[in-house]
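Residue numbers begin at 1 in each chain, while the letters A, B, ... track the order of the sequences. Hydrogens, waters and symmetry mates are skipped; everything else that's a heavy atom, side chains included, is used.
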Amino acid sequence: MSAALAFDLLIIAALVWSAARALTVADLFRGVVLFIVFGLLMALAWARLGAPDIALAEAAIGAGLTGALLLDAVGHLRAKREPEA
Amino acid sequence: MRRVLPVAIVALAALFGVALAAAMLELPPHAVRLPDDVAANIAASGVAHPITAVLLNFRGYDTLLEIAVLLLALFGVLALVKPHAARAAHPAHPLLQTLARLLAPLMVLVAGYLLWVGAIAPGGAFQAGAVLAAAGVLLRLAGLLPAWVAPTLLLRVGLALGLLVFVAVAAAVLGHATLLTYPPALAGGLILMVEAALTLSIGLTLAALYLASTEVRP
């Protein structure tokens with residue numbers, strides 16, 4: 001097995017794993033972090049597929065800005081829940 | 001009954017997945033040779049990078065509508081924000097503030113580079129705008145940028161500039177040909193002008209989506 005193929009298989013496995021964990025993990029914060037990890041891996045996958053334009057957009061928008069928005073939403077949910085606890 | 005339903009859903013989803021995979025395998029290889037069409041017409045597009053040529057010239061109509069949708073999304077967010085006095089930003093750690101002060105000018109430089117290089121290599125207005133927006137988000141997180149709710153006139157102009165310039169260019173070439181068919185001699189300059197306005201508007205809109213949504217209180 002060539003090194004490139006092994007790397008691609010590793011990316012595929014990590015993509016599926018991070019996607020499944022991001023959806024199933026109980027803690028919202030961990031879910032968001034896993035979503036960002038998924039976005040960065042996806043950018044890597046696009047780069048491997050020879051689509052650097054999409055890789056750039058995925059890293060900047062999918063992982064970066066969406067991640068920031070989701071983290072902020074988690075922060076709001078925590079702030080809302082704390083007075084009750 | 002409760003046991004049967006999830007099993008049925010999983011079975012249906014699996015069946016759908018198999019059908020999708022089968023349909024993918026049935027597809028003829030290269031039914032449409034779009035890359036060849038692009039390569040044949042790239043000389044007349046005004047740019048040397050095929051992705052930018054497709055986004056801003058061959059399929060410019062799609063990009064025009066995309067920008068309009070992005071602006072509409074921001075209107076929706078702004079409509080949800082309750083009007084109140086903008087709060088002062090939280091003072092962040094001095095280390096983060098210093099880092100943000102150092103990084104923000106660099107990010108503006110990178111955005112300018114991405115915009116310029118879009119004509120010949122991967123890059124372009126959307127990526128450049130996203131980097132600009134990330135600089136705005138970083139400044140906000142560092143507490144250097146105050147939150148706003150009601151955009152000022154200058155900000156409104158900046159938000160709409162991309163769409164307005166795009167529509168103006170699209171209308172200006174109507175005299176020669178159809179909508180968004182640039183004359184080849186001017187195509188490069190027109191595309192750069194549209195992309196520069198788009199970069200500013202996309203950056204402001206994406207940053208505004210973040211800044212405005214952090215102010216939403218139920």
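Proximity to chain A (any heavy atom under 4.5 Å) is restricted, for B:V137, to the side chain, taken from C-beta onward.
Residues of residues 50-57 of chain A placed with any heavy atom under 4.5 Å of a heavy atom in chain B are listed by number as A:P52, A:D53, A:L56, A:A57.
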For a quick test of your reading: what N or O donor-acceptor pairs under 3.5 Å do the side chains of residues 59-75 of chain B make, sequence neighbours left out?
from, atom 1, to, atom 2, distance (Å)
B:R59, NE, B:D62, OD2, 3.3
B:R59, NH2, B:D62, OD1, 3.4
B:R59, NH2, B:D62, OD2, 3.2
B:T63, OG1, B:L55, O, 2.5

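More than 12 heavy atoms of other residues, nucleotides or ligands shown are found within 6.0 angstrom of CG on B:L102. Counting non-hydrogen atoms of other residues, nucleotides and ligands closer than 6.0 Å to CG of B:L154 gives a total of 12 or fewer.
Here the CG-OH distance, from A:L71 to B:Y210, works out to 8.0 Å after rounding to the nearest 0.5 Å. The line from CG of A:L69 to CG of B:L206 is 9.0 Å long, rounded to the nearest 0.5 Å.
When all heavy atoms of A:L65 and B:A130 are compared, the closest pair comes out as CD1-O, 4.4 Å.
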